[in-house]
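Since the structure comes first, as structure tokens, the remarks are kept for the end.
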Amino acid sequence: MTVDISALDLEEAGAVLAAESARFASFGWMRGTSGNLSVVLSRDPLRLAVTASGHDKGELTPADVVLVDGNGAAVSGGKPSAEAELHARVAALTGAGAVVHVHTVASVAMGRREPGGIVFKDVEMLKGVGQPAHDVEVTLPVIANSQDMKVLGDRLEAARDPRMPAVVVAGHGLYVWGADPRQARHHTEVVEWLLELELTGR
Ligand SMILES: CSC[C@@H](O)[C@@H](O)C(=O)COP(=O)(O)O
Ligand SMILES: [Zn+2]
């Protein structure tokens, strides 16, 4: 189902994020309380619904969501994800309508093997991120981790490749974005598939 995100109120956004989150958690990509999700509710001013901090992301309810501004600061209620500022930065930078952050084993393992970036080529699945399946090299950037979201945002801005709607954060996980939660999920599944292929194929 395609969701018209421009029409979502905060609770509806919470329901969408809870459903997306349950799916990622079922894949084992949000173990413990790891990972976070957001959806853009307005552009001017920038407002996002972001998952609340510290929850089991497989058990979110529509209320476990916080409205944040362009700096990731709470506009109403609750404690937003510790990474809300980075979500807002990605949304502002890329024009994405939804951002996904998951802690996958493959992203951390491949970030260790290829700290300069992970190159994909000649794989049909590249079409899932809008790239040609053949002959073109597409790099998934790897950036160093930080607990400072401004620092992480600067690194993401410097490293990102417009052809790849994702970055690996070394020793941490994966950030992926898309026009809406559904496309962000598809991009996440495709990028994770590519990472798992590289990991198992060597
Ligand atoms: C296992 S805790 C991981 C956190 O430090 C963080 O990286 C994370 O992904 C979840 O933080 P949260 O504040 O719940 O959105
Ligand atoms: Zn994280």
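Counting starts at 1 for both ligands and their atoms, in listed order.
- Residue-ligand proximity, His103 to ligand 1, at heavy-atom distances under 4.0 Å covers atoms 3 (C), 7 (O), 8 (C), 9 (O).
- The residues Glu137 and Arg163 are annotated as not salt-bridged, no charged nitrogen and carboxylate oxygen being separated by less than 4.0 angstrom.
- With salt bridges taken as basic N to acidic carboxylate O contacts below 4.0 Å, none links Lys57 and Asp64.
- The nearest heavy-atom contact from the protein to atom 13 (O) of ligand 1 is Ser53 OG, 2.6 Å.
- Contact analysis puts Lys57 in contact with ligand 1, with a non-hydrogen atom separation below 4.0 angstrom.
- One finds the CD atom of Gln131 at 11.0 Å from the CG atom of Leu194 (value rounded to the nearest 0.5 Å).
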List the steps, then state whether side-chain hydrogen bond (donor to acceptor under 3.5 Å, both in side chains) holds for His101 with His172. CA-CA 10 Å; His101 169 55; His172 185 163; 3.1 Å; yes

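- Ligand 1 places these atoms under 4.0 Å from at least one heavy atom of His101: 9 (O).
- Between Pro80 and ligand 1, a contact under 3.5 Å exists for no N or O pair.
- Close approach to Ser81 involves these atoms of ligand 1, each under 4.0 Å from a residue heavy atom: 12 (P), 13 (O), 15 (O).
- Nearest protein heavy-atom contact of atom 11 (O) of ligand 1 is Asn36 ND2, 3.7 Å.
- Ligand 1 has no atom lying under 4.0 Å from any heavy atom of Gly32.
- Annotation: the span from Asp161 atom CG to Leu140 atom CG amounts to 9.5 Å, rounded to 0.5 Å.
- Classification of Glu157 and Arg89 as a salt-bridged pair holds, one side-chain N sitting under 4.0 Å from a carboxylate O.
- Rounded to the nearest 0.5 angstrom, Met110 CE and Leu174 CG are separated by 12.0 Å.
- With hydrogens left out, the protein atom closest to atom 6 (C) of ligand 1 is Glu83 OE2, 3.1 Å, a heavy atom.
- Ranking protein heavy atoms by distance to atom 1 (C) of ligand 1, first place goes to Ser34 CB, 3.9 Å.
- For the pair Thr51 and ligand 1, the shortest N or O to N or O distance does not fall below 3.5 Å.
- Below 30°, between 30° and 60°, or above 60°: for Trp29 and Phe24 the angle between ring planes is below 30°, a parallel geometry.
- For the atom pair CG of Leu86 and OG of Ser146, the computed distance is 10.0 Å after rounding to the nearest 0.5 Å.
- When NE2 of His103 and NE2 of His172 are joined through the Zn ion (ligand 2), the resulting angle is 100° to the nearest 10°.
- Ranking the protein heavy atoms by distance from atom 2 (S) of ligand 1 puts Thr33 OG1, 4.0 Å first.
- Not a single N or O atom of Ala52, backbone or side chain, sits closer than 3.5 Å to an N or O atom of ligand 1.
- At least one N or O atom of His172 sits closer than 3.5 Å to an N or O atom of ligand 1.
- Expressed to the nearest 0.5 Å, how far CG of Leu46 lies from CG of Leu41 amounts to 9.5 Å.
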